Protein chains: 2
Amino acid sequence: MSETRARQTYHHGDLGPALLAAGIELAREGGPDAVVLRETTRRVGVSPNAAYRHFADRDALLAAVSDAALATLATAIDALFDAIPQGTRESVARAQLRAVGTGYVAFALDEPGLFRTAFFVSDNLERSSAASKSGPSGRSPLELLTVALDAYVASGIMPADRRPKAEFLAWSSVHGFALLCIDGPLRTLPRDQADAVTQRVIDMVEAGFTAP
Amino acid sequence: MSETRARQTYHHGDLGPALLAAGIELAREGGPDAVVLRETTRRVGVSPNAAYRHFADRDALLAAVSDAALATLATAIDALFDAIPQGTRESVARAQLRAVGTGYVAFALDEPGLFRTAFFVSDNLERSSAASKSGPSGRSPLELLTVALDAYVASGIMPADRRPKAEFLAWSSVHGFALLCIDGPLRTLPRDQADAVTQRVIDMVEAGFTAP
DNA sequence: TCCACATGTGAACACTGTAAACACTGCCAT
DNA sequence: ATGGCAGTGTTTACAGTGTTCACATGTGGA
């Protein structure tokens with residue numbers, strides 16, 4: 001928004017971040033496919049090739065946008081973590097897991113374009129601990145989930161032998177549900193109902209972790 | 001494969017299905033992005049615009065490929081259904097749910113390109129009962145899941161008040177897990193381990209349906 | 001001061017989807 | 001048999017994309 005008018009200097013001065021911001025806006029509006037290199041530079045008021053001084057490819061730009069989207073998600077979950085009231089270790093652990101799931105789906109519903117972009121780049125969860133994907137606490141979404149599950153074990157809710165790969169069980173359910181809500185058959189589900197079913201999804205995950 | 005050599009007649013004679021087959025092959029090799037209209041016609045040995053006599057646009061071709069992929073998935077699950085041994089209503093119901101989940105993830109692992117294409121077209125699960133998406137039994141994957149869950153209620157495993165929207169809980173978990181395995185951090189997990197975790201995902205879903 | 005280096009530009013290429021006008025062919029009614 | 005007509009495939013063309021190469025323009029450090 002600060003660069004809509006034609007700039008006066010030949011050099012932009014802050015092109016990298018400006019391109020990233022424009023890319024994020026495009027992703028917000030239309031998902032990963034919408035982050036088109038030429039359109040990004042157009043919005044910033046610069047020639048298409050200028051982008052290549054700051055990003056190797058279109059894919060590199062998209063990856064940076066994806067990281068930013070992931071960081072936004074992490075920030076949203078961080079906020080829910082901070083709002084968890086004091087209590088027993090068990091109640092805190094349960095609240096943390098619920099916060100991750102709830103924040104995750106809420107982000108997908110509030111920002112579907114960013115959400116799809118966050119998980120479009122395939123290796124984005126592999127090296128998922130990069131700072132560029134983290135919120136204020138310095139933790140990526142997957143790391144926040146790990147925190148919650150470790151608390152599950154520490155507080156005795158979950159037997160230790162179930163802990164390995166548990167994050168993937170939880171992540172699968174919530175991620176799949178989020179996709180169903182924004183792209184799939186649950187697309188037309190009213191928001192309040194979607195929130196209610198989200199809680200059932202989390203209930204299911206909890207049951208899977210605690211049942212015999 | 002039958003049309004690799006230049007055809008002799010001006011008219012192809014079977015272009016629609018040939019284009020669909022070429023599109024499926026492209027999807028198998030590289031997912032939805034790889035089904036490129038011009039490349040599809042090229043493989044069939046025909047000019048790009050010939051496709052427009054059979055498909056409204058590239059999206060229509062992609063939708064047809066997507067339907068075919070879904071039908072292939074349904075066929076795979078059908079086969080697992082048929083292999084379920086006789087038994088109590090409860091054991092059959094449990095085996096059916098497990099067959100849907102197992103077949104679903106196995107298809108994603110065996111044919112990641114087709115799997116991604118199947119669920120790329122967004123409205124593909126909305127009007128999900130179309131015959132073009134079904135296997136030999138005439139049921140689409142989502143309908144097969146519905147059958148299994150109805151059997152859960154009928155055999156008394158699942159309380160009837162939990163039945164509404166239960167297919168979405170199950171679908172979320174399995175679909176999310178499949179995505180994790182082909183695109184996400186579980187991409188490098190050896191096949192046998194992936195199969196093992198798949199069973200844990202299904203265990204979790206079962207627990208969520210039966211627990212208090 | 002001046003010049004090396006970083007940064008932005010221009011023209012060009014190969015690709016894509018798609019539209020409009022044209023060409024060929026097989027079939028049906030005369 | 002013989003038109004002609006509807007269906008099918010082709011040609012040409014255009015707008016849009018990512019990307020490369022050569023060039024222009026500033027800016028900071030010696």
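Not measured: the values here are computed from a predicted model. Just so it is clear: chains get the letters A, B, ... in the order the sequence lines come, proteins before strands, and each one is counted from 1.
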Can you list the residues that meet the side-chain hydrogen bond (donor to acceptor under 3.5 Å, both in side chains) rule with A:Q193, with sequence neighbours excluded?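 With sequence neighbours excluded, A:Q193 shows a side-chain hydrogen bond (donor to acceptor under 3.5 Å, both in side chains) to no residue whatsoever.
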
Just jot down the side-chain hydrogen bond (donor to acceptor under 3.5 Å, both in side chains) partners of A:D33, sequence neighbours excluded, or say none.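 Once residues adjacent in sequence are excluded, A:D33 has no partner under the side-chain hydrogen bond (donor to acceptor under 3.5 Å, both in side chains) criterion.
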
Separation of [N] [atom2] from [X] [atom1] (nearest whole Å):
X	N	atom1	atom2	value
A:L19	C:dG8	CG	P	8 Å
A:F55	C:dT7	CZ	P	12 Å
A:H12	C:dT9	NE2	P	10 Å
B:D59	C:dT18	CG	C1'	12 Å
A:L61	D:dT19	CG	P	10 Å
B:L15	D:dG9	CG	C1'	8 Å
A:Y52	D:dT20	OH	P	6 Å
A:E39	D:dA15	CD	C1'	15 Å

Report the C-alpha separation of A:T210 and A:R94 in whole Å, then their side-chain angles, then the decisive distance to 0.1 Å, and conclude whether the side-chain contact (heavy atoms from CB on, under 4.5 Å) test is met. CA-CA 11 Å; A:T210 55; A:R94 295 198 124 98; 3.9 Å; yes

Sorted by number, the residues of residues 23-32 of chain A with heavy-atom contact under 4.0 Å to DNA chain D: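 Nucleic-acid contacts, sorted: none.
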
Residues in side chain to side chain contact (heavy atoms under 4.5 Å, CB included) with B:E25, at least two apart? B:R28, B:E29, B:R43

If you go through the side-chain atoms of A:R38, does one of them form a donor-acceptor pair with the base of D:dG16 closer than 3.5 Å? no

For B:R58, report the nucleic acid contact type (base, sugar-phosphate, nothing); a contact means any heavy atom under 4.0 Å.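 Sugar-phosphate contact only.
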
How is B:G16 classified with respect to the nucleic acid when contacts are heavy atoms under 4.0 Å: base, sugar-phosphate, or nothing? nothing

Could you work out which one of C:dG8, D:dT8, C:dG17 sits closest to the side chain of B:H54? D:dT8

Which nucleotide in the set C:dT16, C:dG8, C:dT18 lies at the smallest distance from any side-chain heavy atom of B:P48? C:dT18

Nearest atoms (heavy-atom pairs only) where B:R200 meets A:R162: NH2-O, 3.1 Å

Kindly assign one of parallel, tilted or perpendicular to the pair B:F209 and B:Y152, based on the angle between their ring planes and the thresholds 30° and 60°. perpendicular

For a ring-ring contact (aromatic ring centres under 6.0 Å, His included) check, start with the C-alpha distance between A:F119 and A:F107, then their side-chain angles and the critical distance, and finish with the verdict. CA-CA 13 Å; A:F119 298 106; A:F107 181 73; 8.4 Å; no

Quick check, are the ring centers of B:H175 and B:F115 under 6.0 angstrom apart? yes

Sort me out a list of protein N/O and nucleotides 21-28 of chain C N/O pairs below 3.5 Å, or just none if empty.
from, atom 1, to, atom 2, distance (Å)
C:dA23, N3, B:Y10, OH, 3.3

Summary of side chain to side chain donor-acceptor pair (under 3.5 Å) pairs that have at least one residue in residues 48-60 of chain B, sequence neighbours excluded: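 Counting only pairs at least two positions apart or across chains, no side chain to side chain donor-acceptor pair (under 3.5 Å) contact touches residues 48-60 of chain B.
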
